[in-house]
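Position 1 is the first residue of the sequence; numbering continues from there.
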Amino acid sequence: MDQQIILANEEEARNLFGRHDENLRLIKGAMQTKIIARGNEIIIKANGAEPKEVDLTKRLFDQFLRILRSGHILSGSEVRYALRMIREDENINLARIFSEAITVSHRGRLIRPRTLGQKAYVEAIEKDDIVIGIGPAGTGKTYLAMAMAIHGLLKKEVDRIILTRPAVEAGEKLGFLPGNLVEKVNPYLRPLYDALYDMMSLEKAQRLIETGVIEVAPLAFMRGRTLNDAFIILDEAQNTTPEQIKMFLTRLGFDSKAVITGDITQIDLPGEYTSGLVQIQDILKGIKGISFIYFTEADVVRHSLVQRIVKAYENYQKQA
């Protein structure tokens, strides 16, 4: 049976269909139904598809309209993610996912989880004091952790943010590199700076770094410290040894959160070292207050080719 949707006005139709009807083309390409758009009217026909596909298409448009009417204009990339999510879970509440935004500036700039895995990750960070995010590049592990850290700082849930990652290798042997210690370390911390500068102005970020509210340092600098009232992010944790990651975990002080991120398919440690990130999956499994979130290629939110590349490598490694 055909379904009909009446839009409020031409502006709502333009926002729903996207620039040059990009969103509408994406929806038509993803659904098995025939979609006819005439002015403010959308007609959904089975076109040989099963009735449940017509109902799914109608439900998709209804959810997109709820998102639009809440004040959020959908981009083409967000429509792609939404189409992928509704194929994974036909009962998913897309409007709820897009409403769960993270505030990262006093002006109200928002960052939203775009996949089911990202949504679970953000919810875990809100709930637990230690969260370990494991998965391929491009899944937003570091970026969303940074957003949650800045959000916590804005809400005064923490007094400072500490960003760290292992430098070069397990032993962090930087002596052979030219320059002073900061110059030697900075290239390995650049991805953390990039995420930070994407969420706040360069001037404000540098001011917070100068005053110690935000600290960016190699993992070796964490030794011997107790970190209270802090949001701590350990990035690239697959390149930590078991001793290093234990040292990091035992730095956690009162009223602090720690997020550990890494990709266990990209371990750069020398052959004689075991990855601490691999080991803690067995050691910390089942401990209350600690969450493990596993991302897959379905959570990749970079160029669409990145998702296919990640999947191709997974298939290759399984065959090998």
Taking the side chain as C-beta and beyond, is there a heavy-atom pair between Ile232 and Lys257 under 4.5 Å?
no
Salt bridge (charged side-chain N to carboxylate O under 4.0 Å, His left out) against Glu78, all qualifying residues, sequence neighbours excluded
none
Between the side chains of Gln238 and Gln266, does any donor sit under 3.5 Å from an acceptor?
no
Are the side chains of Thr261 and Glu236 in touch, meaning some heavy atoms are under 4.5 Å apart?
no
To check you understand the geometry: which heavy-atom pair defines the closest contact between Lys141 and Gly133, and what is its length?
CD-O, 3.6 Å
How about Leu7 and Glu41: do any of their side-chain heavy atoms sit closer than 4.5 Å?
no
Side-chain donor/acceptor of Arg25 to backbone N/O of His20, under 3.5 Å:
yes
Please test Ile102 against Leu110 for side chain to side chain contact (heavy atoms under 4.5 Å, CB included), starting from the C-alpha separation and ending with a verdict.
CA-CA 5 Å; Ile102 307 164; Leu110 303 176; over 6 Å; no
If you measure from CG on Leu144 to CZ on Arg114, what distance do you get to the nearest 0.5 Å?
9.5 Å
Heavy atoms of other groups near Tyr197 OH, more than 12 under 6.0 Å
yes
Is any side-chain heavy atom of Tyr143 closer than 4.5 Å to a side-chain heavy atom of Met199?
yes
Looking at side-chain heavy atoms only, is the closest gap between Met146 and Asp198 below 4.5 Å?
no
Hydrophobic cluster identity match, Phe254 and Phe248, side-chain contacts under 4.5 Å:
no
Same apolar cluster (I L V M F W Y, side chains within < 4.5 Å links), Leu202/Val104:
yes
What side-chain donor-acceptor pairs closer than 3.5 Å can you find for residues 285-299, not counting sequence neighbours?
unit_1, atom_1, unit_2, atom_2, d
Ser291, OG, Asp128, OD2, 2.2
Tyr294, OH, Gln281, OE1, 2.8
Thr296, OG1, Ala298, N, 3.1
Asp299, OD1, Thr115, OG1, 2.6
Asp299, OD1, Gly117, N, 3.1
Asp299, OD2, Thr296, N, 3.1

Verify the cluster assignment for Ile36 and Phe64: are they in a single hydrophobic cluster under the rule of side-chain heavy atoms below 4.5 Å apart?
no
Non-hydrogen atoms of Asn228 and Gly253 that approach each other most closely:
OD1-CA, 3.1 Å
Look up atom OG1 in Thr164 and atom CG in Leu192, then write down how far apart they are to the nearest 0.5 Å.
8.0 Å
Heavy atoms of Ile92 and Met85 approach each other most closely as CD1-CB, 3.8 Å
Between Gln279 (side chain only) and Pro242 (backbone N and O only), is there a donor and an acceptor less than 3.5 Å apart?
no
For a 4.5 angstrom cut-off between non-hydrogen side-chain atoms, does Ile42 reach Ile35?
yes
Quick one, Pro166 and Asp235 - any side-chain contact, counting heavy atoms below 4.5 Å?
no
Among the clusters formed by ILVMFWY side chains lying less than 4.5 Å apart, do Val213 and Tyr193 turn up in the same one?
yes
Heavy-atom pair of closest approach, residues Ala147 and Ile111:
CB-CD1, 4.0 Å
Please check if the side chain of Thr250 supplies one atom and the backbone of Lys246 the other of a donor-acceptor pair under 3.5 Å.
yes
Run the side chain to side chain contact (heavy atoms under 4.5 Å, CB included) check on Val131 and Ile260 step by step: do they pass?
CA-CA 6 Å; Val131 175; Ile260 299 169; over 6 Å; no
Strictly distance-based, threshold 3.5 Å: is any side-chain N or O of Glu22 a donor or acceptor partner for the main-chain N or O of Gly18?
no
Begin with the C-alpha distance, continue with both residues' side-chain angles, and end with the deciding distance and a verdict on side chain to side chain contact (heavy atoms under 4.5 Å, CB included) for Leu94 and Leu60.
CA-CA 8 Å; Leu94 293 171; Leu60 178 72; 3.9 Å; yes
Under 3.5 Å donor-acceptor pairs involving side-chain atoms of residues 49-58, not counting sequence neighbours:
unit_1, atom_1, unit_2, atom_2, d
Glu53, OE1, Arg87, NH1, 3.3
Glu53, OE2, Gln32, N, 3.1
Glu53, OE2, Arg87, NH2, 2.6
Asp55, OD1, Gln3, NE2, 3.4
Thr57, OG1, Thr33, OG1, 3.1
Thr57, OG1, Glu53, O, 2.8
Lys58, NZ, Asp62, OD1, 3.4
Lys58, NZ, Asp62, OD2, 2.9

Shortest non-hydrogen contact from Ala149 toward Val158
O-CG2, 4.5 Å
Using side chain to side chain contact (heavy atoms under 4.5 Å, CB included), reason through Phe231 and Asp159 one step at a time and then give a plain yes or no.
CA-CA 8 Å; Phe231 195 116; Asp159 293 335; over 6 Å; no
The reported gap from CD1 in Ile280 to CD1 in Ile130 (rounded to nearest 0.5 angstrom) is 8.5 Å
How close do Leu163 and Ile214 get, heavy atom to heavy atom, and via which atoms?
CD1-CG2, 4.2 Å
Assess the side chains of Arg112 and His72: does a donor N or O sit below 3.5 Å from an acceptor N or O?
yes
Could you grab the distance from atom CD of Gln118 to atom CD of Glu123, nearest 0.5 Å is fine?
12.0 Å
Please collect all side chain to side chain donor-acceptor pair (under 3.5 Å) contacts where either partner lies in residues 7-18, sequence neighbours excluded, each pair once.
Glu12-Arg69
Determine yes or no for a side-chain-to-main-chain donor-acceptor pair under 3.5 angstrom, with Gln319 supplying the side chain and Tyr316 the backbone.
no
Applied to residues 206-216, the side chain to side chain donor-acceptor pair (under 3.5 Å) test, sequence neighbours excluded, yields Glu215-Arg225
Is any side-chain heavy atom of Tyr121 less than 4.5 Å from a side-chain heavy atom of Val259?
yes
Are Met31 and Ile43 linked, directly or through other ILVMFWY residues, by side chains that come within less than 4.5 angstrom of each other?
no
Euclidean distance, Thr241 OG1 relative to Met247 CE, rounded to 0.5 Å:
8.0 Å
Nearest 0.5 Å, what's the CD1-CZ distance between Ile233 and Arg165?
12.0 Å
Flag, side chain of Arg59 to backbone of Glu90, donor-acceptor distance under 3.5 Å
yes
Using the test side-chain contact (heavy atoms from CB on, under 4.5 Å), find all partners of Asn47 that sit at least two apart in sequence or belong to another chain.
Lys34
